[in-house]
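Heavy atoms only: backbone and side chains are in, while hydrogens, waters and symmetry mates are out. Numbered from 1 within each chain, the chains take letters A, B, ... in sequence-line order. The structure displayed is predicted, hence computed values, not measured ones.
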2 protein chains.
Amino acid sequence: MNYTISEENYLKTIFLLQETEGTVSTNTLAEKLQTKPASVTDMMKKLDAKKLLNYKPYYGFTLSAEGKKIALGIIRRHRLWEYFLCNKLNFGWEEVHLLAEELEHVGNKKLVDRLDAFLGFPSYDPHGDPIPDSKGRVRNIRKIPLHQLPALRPAEVCQVTNQSSEMLELLHHKQIGIGTKLEIKKFFDFDHSLEIKMKNSTITISEQLAQNIFVTYEQDL
Amino acid sequence: MNYTISEENYLKTIFLLQETEGTVSTNTLAEKLQTKPASVTDMMKKLDAKKLLNYKPYYGFTLSAEGKKIALGIIRRHRLWEYFLCNKLNFGWEEVHLLAEELEHVGNKKLVDRLDAFLGFPSYDPHGDPIPDSKGRVRNIRKIPLHQLPALRPAEVCQVTNQSSEMLELLHHKQIGIGTKLEIKKFFDFDHSLEIKMKNSTITISEQLAQNIFVTYEQDL
DNA sequence: TTTAAAATTTAGACAAAGCTAAAAAAATGC
DNA sequence: GCATTTTTTTAGCTTTGTCTAAATTTTAAA
Ligand SMILES: [Mn+2]
Ligand SMILES: [Mn+2]
Ligand SMILES: [Mn+2]
Ligand SMILES: [Mn+2]
């Protein structure tokens, strides 16, 4: 029912790795956690005994339903604290991750739910990652920089980093703003520019510009 | 330079005990920390080796200057988080101590100083205990319920708990309010009532009333 | 399909922090 | 001042989480 800081760090990291990789391997996890493969194996045995893992020796592991539930709780705390640090204590989004790594292990549910309410139930952390709600549910919409959007996926501009006048002039000229709906038609490998289709036009934008435009899109589909 | 959660709990508890007791004994500390005397001795050796203690085996211990500095940092974090929990997350003052016991071990200085600023540099935690500033200085003024005020110590009413109309009627009748200056002349053992001297009068008040009137006073002198 | 390389697990050790039981020192009582 | 009680320390064990080195299993290459 209660987990050590070390166990929590393993659970969280497995969750994040298996989102992209499916099954997680001993070496991959060891590298992410800055530890040794032998230590990972030891911990996997323990988490397996606690039924938090599907573990087949030599063939990697994934989280059980219970393991996922716990991981989502940790991720919720991490991202809520990141949001708090950025939006209440005025930290930059690049500073908050390390601090949240510590705060995420204060696990009291009432505290976390009150913090959530205090912050106005935010949907995304400062890096655009979705914050699970108090029941561990995650919205399927993700916020990413435009150049990471998969091709042909309908999306909507939700944030523009770099607020320089040059940037804003360019956006105005291309008629891009918060709420603009678009989708990527084509990536050009030569200079990593993109062709994007908007409601009434199709235009090309540079990699630098795309990196500073954030969009939301449906995860599945 | 960096201390474990266990070391921090020992340092903080020694600090708080030695404030009232002077030198701290093995058994006293063990009881406060809900551990065994043998464990205390082990830890005292370690803290002594790190030069955080003045430790003479069999004769108890006090914190070194460095030990005090670290303890004040922990106490600062504890009390700031308690303030945050009460005043921002609407916890009752009786709920916050246990939560702060965990949060106090997130030690990043920038985080704590920003939290302090966010809260408006509060001087007291929800229990009336003073919050050390970012340099570890503590104001010498303490807030306590009136019945705990030492006799003949000039003090000032700063808070009235129990806001019932009966209570307020009584305060009005006796001409006591926030800011009233007073000192205790005499304790009566029979019913624990008190005789207090105010600017223009000397009156007697009951124990129940005194328990609900909080006063500030200078610690030393 | 056999062999070499890579990945994973096991074996054995260690440091931190706790415990119990026994020994030693200090305090108390007569 | 000596004996008894209380307090504190020491000795030896346990658990958690880590490590290195060796053994084992899987994978890839020849
Ligand atoms: Mn993060
Ligand atoms: Mn984040
Ligand atoms: Mn407290
Ligand atoms: Mn307090």
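A:Y10 has a side-chain polar atom (N or O) that falls below the 4.0 Å cut-off from OP1 or OP2 of D:dT18. Taking only side-chain nitrogens and oxygens, B:K45 never comes nearer than 4.0 Å to OP1 or OP2 of D:dT9. Contact annotation: A:S6 side-chain N/O to D:dT16 OP1/OP2 distance is not under 4.0 Å.
Pairs passing the ring-ring contact (aromatic ring centres under 6.0 Å, His included) check and including a residue from residues 121-150 of chain B, sequence neighbours excluded, read B:W93-B:H127. Sorted by first and then second residue, the ring-ring contact (aromatic ring centres under 6.0 Å, His included) pairs involving residues 37-62 of chain A (not counting sequence neighbours) are A:Y55-A:F61. Here ring-ring contact (aromatic ring centres under 6.0 Å, His included) pairs that include residues 14-37 of chain A, with residues two or more places apart or in two chains, number zero.
Applying the ring-ring contact (aromatic ring centres under 6.0 Å, His included) rule to B:Y3 yields no partners; only residues at least two apart in sequence or on another chain are considered. Take B:Q159 and apply the side chain to side chain contact (heavy atoms under 4.5 Å, CB included) test, not counting sequence neighbours, and it matches B:K143, B:T161, B:F214. Under the rule for a side-chain hydrogen bond (donor to acceptor under 3.5 Å, both in side chains), the partners of B:D113 that lie at least two apart in sequence or sit in another chain are B:R76, B:K109. With sequence neighbours excluded, the residues that form a ring-ring contact (aromatic ring centres under 6.0 Å, His included) with A:H97 are A:H78.
Ring centroids of A:F84 and B:F84 are separated by less than 6.0 Å, placing the two rings close together.
Here the C1' atom of nucleotide C:dA16 and the CD1 atom of A:I5 are 14 Å apart, to the nearest Å. Following rounding to the nearest Å, A:Y3 (OH) and D:dT15 (C1') show an atom-to-atom distance of 18 Å. As rounded to whole Å, 14 Å separates atom C1' of D:dT9 from atom CG of B:D48.
Against DNA chain C, the stretch residues 53-62 of chain A makes heavy-atom approaches under 4.0 Å through A:Y55, A:P57, A:Y58. For residues 20-43 of chain A, proximity to DNA chain D is found at A:T35, A:K36, A:A38, A:S39, A:D42, defined as any non-hydrogen atom under 4.0 angstrom from a strand atom.
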